[in-house]
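Counting starts at 1 for both ligands and their atoms, following the listed order. Remember, it's a predicted structure, so these values are computed and weren't measured experimentally.
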Amino acid sequence: GGSSSGGGGGRSGALSPPPVAEEFQRIDVNPPKGTRDFPPEDMRLRNWLFNHFREVSRLFGFEEVDYPVLESEALFIRKAGEEIRDQLYCFEDRGNRRVALRPELTPSLARLVIQKGKSLSLPLKWFAVGQCWRYERMTRGRRREHYQWNMDILGVPEVTAEAELISSIVTFFKRIGISESDVGFKVSSRKVLQEVLRCYSVPENLFGKVCIVIDKIEKIPIDEIKRELKATGLSEEAIEELLQVLSIKSLTKLEEILGGSGEAIADLKQLFLLAEKFGYSEWIQFDASVVRGLAYYTGIVFEGFDREGKLRAICGGGRYDRLLSTFGGDDIPACGFGFGDAVIVELLKEKGLLPELSLEVDNIVCALDYDLQGVAATVATKLRGKGQSVDLVLESKPLKWVFKRAARANAERLILVGNTEWQKGMVGVKILSSGEQYEIKLDELE
Ligand SMILES: OCc1cccc(Br)n1
């Protein structure tokens, strides 16, 4: 065994514990920094949330997909200065391959779509609920993993796709009791930025970088924003015009500035028209300052926010028509969103909307004598065959213990297998809510 460590007297007279061999040293029982365990109570909340994600995706006719949590690092290497890149959880594996824990799901979707190529019938509507990772210096004590619900539509160039996606998120919010008085969506289009930058003949390849700087507009001082924009090569004039346009909060005003002929205005007008038809006009507002922090968006972008302004963005997404070609594939028009599992729970807590979820078991089955354990197993199997859940007591326990367990499991019924009753082929039944109890033949037990 390992060398003994610690222990050993030293204090006069006091008996110190015997040294603990290395292999029995107590490990750190906490999960790695920034990660979470999901013990039953937390797992019930997580399942409740994910079941709503999945049910809404089903209502919208989406198919579930998933990808490896480990991807080639190359999938996420983009040069636009994104935070998601700076915090990539990447390493070299034993085969000397550069790999990364996925920080988002969209690049994996793009990879799979390219891999499947012509065999896919468009439009495709896929959803996923996957764990995503980042390696952030724990200076801010923030999480390093979260689960993200994604819905994506590929093959639809019109903004009906974006309108459909926002409708799915509104549907989700309504299901969990969140209304338009609690949250809203800021909606814009990167084509607004594009049209301004084109006026100043800014090269296309700077577009992603400029967006990433602007996405930080509410997170860092405006002087820093201007400095970083200048560093990308933008002229003072272009920067001033850009910041001016970004402060616009009405489509009419935007039209005055950009003129009515550009795609940005047309897309946004169409989206607001569709919002009316979907019935979620009250949930959305135009806000030119929304650009989102992912370089690959090319058109409409949107983000869900809490109207009290206490929390970070709840969800976000947009159009990314050029992502596939960055991986060498043929471009397919695409749009999608990501919805994390953290902020929404904070919002539900704020609103007192967290559901009360407890363990629910239909039956506790217990043998009163050890030699009836087999009969108890038969009873449990019969009930399970009828779709009833059974917590079968697996060892001799005092009745007091059994009642306590039944209460904790909110069991509907307690089935007791005792010698007296079993002599008559009967078992004892106690309905825990009413206290009613009776004996019944095993084959009459429902
Ligand atoms: O939303 C950014 C992000 C990506 C991966 C993991 C976590 Br926690 N957060």
Side-chain angles (χ1 to χ4, degrees), residues 30-38 42-43 45-46 49-50 53 65-91 98-111 127-152 165 169 172 183 185-186 208 211-220 290-297 301-306 310-318 320 323 335-349:
N30 293 305
K33 273 183 191 305
T35 69
R36 297 164 292 173
D37 293 313
F38 286 90
D42 298 334
M43 197 62 197
L45 177 62
R46 174 174 139 183
L49 191 67
F50 290 14
F53 288 158
V65 294
D66 197 5
Y67 328 91
V69 82
L70 183 75
E71 285 276 14
S72 160
E73 181 189 50
L75 207 56
F76 309 111
I77 301 287
R78 300 190 292 260
K79 299 202 173 25
E82 295 154 285
E83 189 182 64
I84 209 164
R85 164 85 183 81
D86 305 339
Q87 298 174 344
L88 197 58
Y89 207 133
C90 52
F91 56 97
R98 291 296 306 169
V99 289
L101 296 181
R102 65 190 177 196
E104 55 166 329
L105 300 173
T106 311
S108 301
L109 177 143
R111 175 180 61 70
F127 83 94
V129 182
Q131 190 174 35
C132 296
W133 293 81
R134 68 181 172 198
Y135 189 90
E136 190 180 55
R137 303 266 164 256
M138 285 311 268
T139 42
R140 290 192 277 180
R142 289 209 297 173
R143 299 241 304 272
R144 284 189 175 152
E145 54 78 23
H146 72 170
Y147 284 83
Q148 241 195 47
W149 172 40
N150 277 217
M151 289 178 87
D152 291 87
L165 290 175
I169 307 174
F172 168 80
V183 305
F185 293 87
K186 291 174 186 167
C211 289
I212 298 315
V213 172
I214 287 166
D215 181 59
K216 297 182 282 190
I217 203 154
E218 282 167 13
K219 297 161 197 159
I220 60 177
V290 175
V291 284
R292 298 298 296 158
L294 293 169
Y296 48 68
Y297 287 131
V301 283
F302 54 86
E303 75 186 22
F305 69 99
D306 87 287
K310 289 182 185 165
L311 306 173
R312 305 186 306 283
I314 302 165
C315 56
Y320 54 95
L323 181 60
C335 60
F337 68 80
F339 194 124
D341 69 343
V343 180
I344 184 62
V345 170
E346 290 170 42
L347 180 70
L348 290 170
K349 276 182 190 142

task: Please list, by chain and number, the protein residues whose heavy atoms come under 4.0 Å of ligand 1.
output: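 P103, C132, W133, R134, R143, R144, E145, H146.
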message: Between R137 and Q87 (side chain of the first, backbone of the second, donor and acceptor by atom type, cut-off under 3.5 Å), is there such a pair?
response: no
message: Determine whether a donor-acceptor pair (N or O, by modelled atom type, separation under 3.5 Å) exists between the side chain of E82 and the backbone of A295.
response: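 Judged by distance alone, yes, a pair lies under 3.5 Å.
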query: Just one of F53, F50, F127 clears the ring pair (Phe, Tyr, Trp, His ring centres under 6.0 Å) bar with W149, so which one?
result: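 When F53, F50, F127 are each tested with W149, the ring pair (Phe, Tyr, Trp, His ring centres under 6.0 Å) holds only for F53.
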task: State the CZ-OH distance between R36 and Y147, to the nearest 0.5 angstrom.
output: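 It comes to 7.0 Å.
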message: Using a strict threshold of under 4.0 Å (side-chain N to carboxylate O), is an ion pair present between D66 and R102?
response: yes
- request: Flag the pair R143 and E346 as a salt bridge only when some basic side-chain nitrogen lies within less than 4.0 angstrom of an acidic carboxylate oxygen.
  value: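 Judged by the 4.0 Å cut-off on N to carboxylate O distance, R143 and E346 do not form a salt bridge.
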